[in-house]
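The block underneath contains the structure these notes are about, expressed in C-alpha cells.
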Amino acid sequence: MVEKFCLLVTGFCCALFSYGQTGITNLSNSQLKPGGDTAKMEWFGNAKLGIFIHYGMYAVNGVDESWSFHNKKISHADYMKQMKGFTASKYDPEQWAALIKESGARYAVITTKHHDGLALWNTKEKHYSTVKNTPAKRDLITPFFKALDQFGIKRGAYFSLIDWSYPDYPGFLKDSSRYKIANDTARWARFSRFNKAQIREISQQFRPDLWWFDGDWEHSAEEWDAAGIRRMILEDKPTAIINSRLQGYGDYATPEQNTPIHRPKGNWWELCMTINNNWGYQHSDTNWKTPTEIISIFADAIGSGGNLLLDIGPKEDGTIPPEQVTVLRELGKWNRKHSEAIFDSKGGMPHGHFYGPSTLSKDSATLYLFLAGKPSGTVWIKGLVNRIKSIRVVGTGQPLTHKIVGKISWSQVPGLVYIDIPPTVKDDYMSVVALELDGPLRLYAGHGGL
C-alpha cells in the first residue's frame with residue numbers, strides 16, 4: 001500500500017507525494033512477474049525477522065564455506081575431506097526451531113546446498129549428500145522443516161545455483177575454470193539438467209515458502225534459465241517467494257552485511273547479516289555483535305520498511321554456539337516487549353524528520369519512535385502536521401509529555417515537536433515510544449518559511 005502525505009509550502013497544500021513501495025517488473029504474466037503479487041508477499045512484509053542458518057561441512061575445520069577452496073586458501077581435496085568429520089551427532093531440529101521461535105522470527109532459511117555441492121537432504125542425483133557421504137548419514141532438512149511447522153514458522157530454503165564440485169559445472173577455482181559454455185554447450189546442458197532436478201526435488205519434497213538463491217552472478221539469466229526456474233517453482237507452489245539472486249527474477253532485494261543508507265528499490269527488501277564476521281561456524285571468529293548492536297541494526301531495517309535475516313552458524317555436531325543463543329534470546333525478549341511497533345508494522349518517516357528509526361501502524365495513525373542510545377531529556381520531530389492525541393512508552397504504558405516549538409499561528413507550516421524522556425524510560429537495549437495521532441500520518445517536507 002502506498003501512503004500519501006501532504007506537502008505544505010508557504011501556507012497551502014500544493015502537492016501530494018508518495019512514500020511507500022515501488023514495483024519490480026520483469027515477466028508479463030502477473031503470477032510470474034517478480035514483485036508483482038502483493039497478496040503472496042503480505043506475510044513476508046509483516047514478518048520483519050528471519051533466521052538464516054549456514055550449516056555444512058565447513059564447520060568441521062572452521063573454514064570459509066566453499067570460498068576457502070575457491071580462493072585457494074586450502075585445496076579442494078582437503079576441503080572435501082571435512083565430510084568425514086560432519087557428524088550432526090547432537091543435531092536437535094526441535095531445539096533449533098524453539099530458539100528461532102523465542103527470537104521472534106517468523107521465518108527461517110537453511111542452507112540446503114552451498115557452493116561446495118554437499119546436499120543436506122537425500123538427493124536422488126549422483127552427487128554429494130549428508131546421507132551418502134558423511135557420518136551423519138541422514139537427511140537434515142526434513143526434520144528441521146517439520147520442526148518449523150510445529151512452531152508456525154515459515155520454511156525458507158537456501159540453494160546455491162553454483163556447484164563448484166560438480167564435474168559439469170564450468171567454475172571451479174578463482175583463477176581457473178573447467179570449460180567455457182560457448183565451447184561445450186552439451187556439458188552445460190548436463191549441468192543445467194542436474195541443477196533443475198535438485199531444485200525440483202526441494203520444491204516437491206519440502207515446498208518452501210521462500211527460496212533464497214545464491215551465486216547467480218556467474219552466469220546470465222538466459223544461461224541459468226532463470227525464468228524457467230521461477231516458473232517451475234511457482235507451478236509447484238504459486239505462493240512461493242523468491243529472493244533477488246536469480247538474475248532479476250526474484251520478488252525482493254537482498255542487501256548483504258552492510259546496512260543500507262537509503263531504502264533499497266522495490267516493494268520489499270531484507271538485510272542478511274551475520275552475528276560475528278562469518279556465515280558458517282569458525283572457532284577462531286569471536287567478533288560477536290552484541291544484542292544492543294543487533295537490535296539497533298534490526299530497528300534501522302524495519303524503520304526503512306525492510307526485514308532482517310540474522311544468521312547463525314551451528315557447529316558440525318549441530319550445537320549452536322552460546323554467544324549466538326544469547327543474542328537470539330535477548331532479541332526475543334526485546335521483540336516481545338515492543339511487538340506492536342515491530343511486527344505487522346510498516347516503514348516509518350523518511351530521513352530528516354527524526355534522528356532514529358520509526359515505524360507506523362497499518363492505519364498510519366500510530367507513529368513509533370525508536371530511541372537509540374538510551375536518551376533522557378528530549379527528542380524531537382520535524383514536519384509533523386498531525387495533532388498528537390497522546391504519547392506513551394511501548395511495553396510499560398508510561399505516559400509522556402510534549403510541547404510544540406516555533407509554530408506560527410497564521411502559518412500551516414508545523415512547529416517542532418519536543419518529547420520529554422524522563423530517566424525512568426530505560427529499556428535494557430532500546431526504548432520505543434508510541435504517538436497516537438489524530439489520523440493517518442501527515443508530514444511537511446518543504447523548505448521552511450511561511
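These numbers were taken from a predicted model, which means no experiment stands behind them.
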Check the orientation of Phe44 and Tyr252. Use parallel for under 30°, tilted for 30 to 60°, and perpendicular for over 60°.
tilted
Give a yes or no on whether the backbone of Gly152 and the side-chain of Arg106 come within a donor-acceptor separation of less than 3.5 Å.
no
Under the rule for side-chain hydrogen bond (donor to acceptor under 3.5 Å, both in side chains), what residues qualify as partners of Arg200, not counting sequence neighbours?
Asp236
Establish, yes or no, whether a centroid distance under 6.0 Å links the rings of Phe206 and Phe144.
no
Check ring-ring contact (aromatic ring centres under 6.0 Å, His included) between Trp279 and all other residues, then give those that pass, not counting sequence neighbours.
Phe52, His54
Does anything in residues 112-121 form a salt bridge (Lys or Arg N to Asp or Glu O under 4.0 Å)? List the pairs, not counting sequence neighbours.
Lys113-Asp163
Anything under 30° is parallel, anything over 60° is perpendicular, the rest tilted; go ahead and classify His115 against Tyr158.
tilted
Ignoring hydrogens and angles, tell me if any N or O in the side chain of Asp214 forms a donor-acceptor pair with the backbone of Ser160 under 3.5 Å.
no
Hey, is the main chain of Tyr179 close enough, under 3.5 Å, to the side chain of Ser177 for a donor-acceptor pair?
no
Is Lys237 paired with Asp209 through a side-chain N to carboxylate O contact shorter than 4.0 Å?
yes
Any residue meeting salt bridge (charged side-chain N to carboxylate O under 4.0 Å, His left out) with Glu340, in chain and number order, not counting sequence neighbours:
Arg392
Can Asp175 and Lys72 be counted as an ion pair, charged N to O under 4.0 angstrom?
yes
Once side-chain hydrogen bond (donor to acceptor under 3.5 Å, both in side chains) is applied, do any residues pair with Asn133, and if so which ones, sequence neighbours excluded?
none
Are Lys154 and Trp43 in a cation-pi contact, defined as NZ or CZ under 6.0 Å from the six-membered ring centre and within 45° of the axis?
yes
For Lys73, does its backbone N or O pair with a side-chain atom of Asn71 as donor and acceptor, under 3.5 Å?
no
Please say whether more than 12 non-hydrogen atoms of neighbouring residues, nucleotides or ligands are located less than 6.0 Å from CD in Glu436.
yes
Quick one: ring-ring contact (aromatic ring centres under 6.0 Å, His included) partners of Tyr281, sequence neighbours excluded?
none
Strictly distance-based, threshold 3.5 Å: is any side-chain N or O of Trp96 a donor or acceptor partner for the main-chain N or O of Gly318?
yes
Please report whether the ring centroid of His219 lies less than 6.0 Å from that of Trp188.
yes
Report the C-alpha separation of Arg230 and Asp225 in whole Å, then their side-chain angles, then the decisive distance to 0.1 Å, and conclude whether the salt bridge (charged side-chain N to carboxylate O under 4.0 Å, His left out) test is met.
CA-CA 9 Å; Arg230 180 180 177 88; Asp225 186 20; over 6 Å; no
Hey, is Arg245 close enough to Asp216 for a salt bridge, meaning N to O under 4.0 Å?
no
Main-chain N/O of Pro322 paired to Thr326 side chain as donor or acceptor, under 3.5 Å:
yes
Indicate the ring-plane relationship of Phe194 and Phe191, choosing parallel, tilted or perpendicular according to the 30° and 60° boundaries.
tilted
Can you label the angle between the Trp334 ring and the Phe370 ring as parallel, tilted or perpendicular, going by 30° and 60°?
tilted
So, for Phe172 and His76, is the gap between ring centers shorter than 6.0 Å?
yes
